Asks: 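Here it is, the structure, as structure tokens.
Ligands are counted one by one from 1 in listed order, and the atoms in each one are counted from 1 as well. Note that this is a predicted model, so its numbers are computed, not measured. Numbers here simply count residues along the sequence, with the first being 1. As a basis for the values below, the full set of heavy atoms in this structure was taken, side chains included, without hydrogen atoms, waters or symmetry mates.
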Amino acid sequence: MKYSLRTKLTISYILIAAVCVFLISIISNIYLDKYFQDYIIKSQARKNSEIVALVAQQYKTEGKWDNFSIQSIGINALENGMIIKVQDADGTVIWDAMKYNTAMCHNMMANMENNMYSRYPNWEGEYIKDSYPLVHKGDTVGNIEIIYYGPFYYTDSDLEFINTLNRVFIGVGILSLLLSIVIGAIISRNISKPITRVIDRAHLISQGHYSSRSNEETDTKEINELINSINDLAQNLESQERLRKQLTADVAHELRTPLATLQSHMEAMIDGIWEADTERLKSCHEEILRLNRLVGDLGKLAKYESSILTLDKTEFDLKDLVTRVAGNFERGFISKNIELILRLDEQSIRADKDKISQMIVNLISNALKYTKTGGKVIIELTGDKNKAELTIIDNGIGIAEEDLPNIFERFYRADKSRNRLTGGAGIGLAITKAIVEAHKGIIEVESEINVGTKLKVSLPKNNPMA
Ligand code: ADP
């Protein structure tokens with residue numbers, strides 16, 4: 001059974017409120033009982049000593065007692081749940097509540113017992129008989145017995161007080177539950193509403209509406225992060241989709257031109273319109289080379305995209321590798337009359353040598369490709385304990401500002417018509433970036449059109465000795 005977030009949150013609020021109310025009632029009742037019992041036991045002791053003192057005051061001289069006052073003290077005590085019996089020094093009974101009103105005494109005792117059983121069904125109470133001497137001016141002039149229900153008892157008003165308090169607890173409990181239902185419903189609605197909307201957006205995105213964005217505003221951090229992630233996801237999917245379409249268009253376009261040229265040349269030669277001379281065959285051969293290059297680029301891309309996650313790391317000197325790769329381009333630099341300056345420090349790193357080599361090839365070949373005859377390319381290698389930094393600076397054609405954010409995307413070429421002539425398919429930097437990121441490095445570009453380009457790669461050394 002699956003419940004909505006809203007239902008779950010509301011139920012949680014109600015449960016929390018119910019548990020709190022329940023615990024507060026139980027704890028308060030336990031404490032109430034404890035303190036109330038203490039209070040009643042103490043007040044019984046106080047009442048007893050007050051009665052003893054009052055009765056002792058009723059002794060007049062020479063064994064005479066104020067019987068009338070003693071009786072009113074006794075009746076008053078009886079009304080308060082105490083049965084008293086006063087005797088003089090000889091043991092003669094002066095006043096006895098039992099004799100005065102036996103029925104009332106029995107009634108009162110039964111009432112007390114009932115009161116206690118109504119609150120404590122397993123109550124084990126008993127009648128306690130305390131005996132005190134009556135002292136007048138230092139002489140014992142009599143004795144008083146006080147019988148009461150112990151160790152403590154609740155009068156009707158005590159019970160009424162406790163019951164009222166419990167009714168208040170129940171009232172507060174019901175009110176809190178109702179409030180928790182209302183507040184819980186409001187809060188959970190506020191939380192679940194934006195999530196529901198984000199879900200709707202996610203559905204739209206999953207159906208291919210990548211341009212759909214959620215502009216939901218909430219003050220919940222996690223929901224905001226969710227909205228941002230979904231928007232990022234949509235953005236990513238949208239640009240992937242765009243790139244995919246561009247890839248198909250690019251591949252078709254790239255293939256169409258050489259294929260069309262080849263087709264027309266071949267047809268002309270088959271029809272005998274053209275003679276199959278060396279010049280024409282050479283032109284066909286160039287087109288085939290172009291096709292080959294493109295297919296090679298596509299193959300490389302597929303290979304790097306699938307293998308980029310598995311790095312075969314070894315420790316090597318980056319300076320040696322850069323020197324060797326740059327050496328392979330020497331002929332290209334000489335034929336374009338481009339000055340190549342190497343400023344390389346020794347930098348030992350732990351990385352996938354083949355992939356790093358491919359990265360350097362891509363960067364140097366771009367610098368060579370996009371620098372005009374007579375230009376200059378500087379390759380610098382520096383570093384510190386943790387990282388090595390490879391910088392390739394050229395004073396070539398540069399990259400327009402609006403193209404800069406895209407040059408690392410697959411099949412992106414800053415100037416499409418121009419680049420077709422240079423032969424690039426726009427994947428070199430995409431592969432380079434993937435290699436750098438697989439090594440947890442950073443690649444940055446600075447460029448100005450007609451001034452030059454600076455590409456900086458920063459690689460962690462991962463050197464255990466460093
Ligand atoms: P390509 O195969 O087209 O060179 P890359 O992925 O290597 O593809 O580069 C993407 C685009 O970035 C290139 O088409 C080019 O427009 C631009 N670019 C890369 N490096 C340089 C550079 N050093 N100078 C000028 N433009 C460059």
Side-chain angles (χ1 to χ4, degrees), residues 239-240 242-244 246-247 249-255 257-258 289-305 308 322 325-326 328-329 332-333 336-342 355-380 390-438 441-457:
S239 55
Q240 286 294 328
R242 185 168 43 77
L243 284 175
R244 194 179 55 78
Q246 197 178 329
L247 160 68
D250 276 356
V251 172
H253 187 263
E254 296 292 322
L255 289 175
T257 320
L289 286 182
R290 259 179 69 161
L291 278 172
N292 227 345
R293 228 171 19 225
L294 179 70
V295 173
D297 275 354
L298 285 171
K300 239 189 265 170
L301 181 66
K303 179 181 148 213
Y304 274 92
E305 288 207 327
I308 207 74
V322 176
V325 175
N328 293 341
F329 282 93
F333 279 100
K336 271 184 95 176
N337 191 25
I338 295 172
E339 185 186 1
L340 176 65
I341 300 166
L342 300 183
K355 293 196 172 100
I356 295 292
S357 166
Q358 179 65 49
M359 175 196 93
I360 302 168
V361 167
N362 293 352
L363 292 176
I364 299 183
S365 79
N366 274 355
L368 174 61
K369 232 183 330 187
Y370 301 113
T371 303
K372 288 180 194 140
T373 311
K376 184 156 90 177
V377 171
I378 304 168
I379 304 178
E380 281 177 358
L390 179 69
T391 318
I392 290 149
I393 310 159
D394 65 55
N395 62 353
I397 59 172
I399 305 165
E401 211 180 318
E402 67 266 22
D403 288 323
L404 274 180
N406 300 320
I407 57 164
F408 295 108
E409 287 181 13
R410 284 181 300 160
F411 294 98
Y412 191 89
R413 294 173 313 184
D415 180 340
K416 292 174 179 59
S417 57
R418 183 190 69 201
N419 276 320
R420 192 157 341 106
L421 300 176
T422 61
I427 62 161
L429 284 183
I431 291 176
T432 304
K433 187 169 186 235
I435 294 174
V436 173
E437 284 179 352
I442 302 168
I443 183 162
E444 292 163 307
V445 59
E446 283 171 34
S447 188
E448 203 178 317
I449 204 113
N450 290 330
V451 174
T453 303
K454 175 172 165 185
L455 268 141
K456 187 162 100 181
V457 175

Asks: Using the rule given for side-chain contact (heavy atoms from CB on, under 4.5 Å), can you reason through F408 versus V445, listing the C-alpha separation, both sets of side-chain angles and the distance that settles it, and then say yes or no?
Replies: CA-CA 10 Å; F408 295 108; V445 59; 4.0 Å; yes
Asks: State the atoms of ligand 1, each with its element, that fall below the 4.0 Å cut-off from a heavy-atom position in K369.
Replies: 1 (P), 2 (O), 4 (O)
Asks: So which of I431, I392, N366, N362 gets nearest to atom 20 (N) of ligand 1, if we judge by its closest heavy atom?
Replies: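 When every heavy atom of I431, I392, N366, N362 is considered, N366 comes closest to atom 20 (N) of ligand 1.
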Asks: Looking at K456, I want to see if its NZ is surrounded by more than 12 non-hydrogen atoms of other residues, nucleotides or ligands under 6.0 Å.
Replies: no
Asks: What are the atoms of ligand 1, with element, lying closer than 4.0 Å to any heavy atom of I407?
Replies: 10 (C), 12 (O)
Asks: Just to be sure I read this right, does ligand 1 sit under 4.0 Å from the backbone of D394, its side chain, both, or neither, counting only heavy atoms?
Replies: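 Side chain only; the backbone of D394 stays clear of ligand 1.
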Asks: Please table the atom pairs, donor to acceptor, closer than 3.5 Å between any side-chain atom in residues 360-368 and protein atoms at least two apart or in another chain.
Replies:
{"from": "N362", "atom 1": "OD1", "to": "Q358", "atom 2": "NE2", "distance (Å)": "2.8"}
{"from": "N362", "atom 1": "ND2", "to": "G428", "atom 2": "O", "distance (Å)": "3.0"}
{"from": "N362", "atom 1": "ND2", "to": "T432", "atom 2": "OG1", "distance (Å)": "3.1"}
{"from": "S365", "atom 1": "OG", "to": "V361", "atom 2": "O", "distance (Å)": "3.3"}
{"from": "S365", "atom 1": "OG", "to": "N362", "atom 2": "O", "distance (Å)": "3.2"}

Asks: Can T391 and E444 be said to form a side-chain contact (heavy atoms from CB on, under 4.5 Å), step by step?
Replies: CA-CA 9 Å; T391 318; E444 292 163 307; over 6 Å; no
Asks: Checking contacts here: is it the side chain or the backbone of I399 that comes within 4.0 Å of ligand 1, counting heavy atoms only? Could be both or neither.
Replies: side chain
Asks: What residues, two or more places apart in sequence or in another chain, satisfy salt bridge (Lys or Arg N to Asp or Glu O under 4.0 Å) together with K454?
Replies: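 Partners of K454 under the salt bridge (Lys or Arg N to Asp or Glu O under 4.0 Å) test: none.
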Asks: For ligand 1, is there an N or O atom under 3.5 Å from any N or O atom of I397?
Replies: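 No, since none of the N or O atoms of I397 sits under 3.5 Å from an N or O of ligand 1.
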Asks: With nothing but distance in play, are any N or O atoms of L455 less than 3.5 Å from an N or O of ligand 1?
Replies: no
Asks: On a heavy-atom basis, which atom in G452 and which in S447 lie closest, and how many Å separate them?
Replies: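 For G452 and S447, the tightest heavy-atom pair comes out as O-OG, 3.1 Å.
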Asks: So is G396 in contact with ligand 1, going by heavy-atom distances below 4.0 Å?
Replies: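 Checking ligand 1 against G396, which is what was asked, there is no heavy-atom contact under 4.0 Å.
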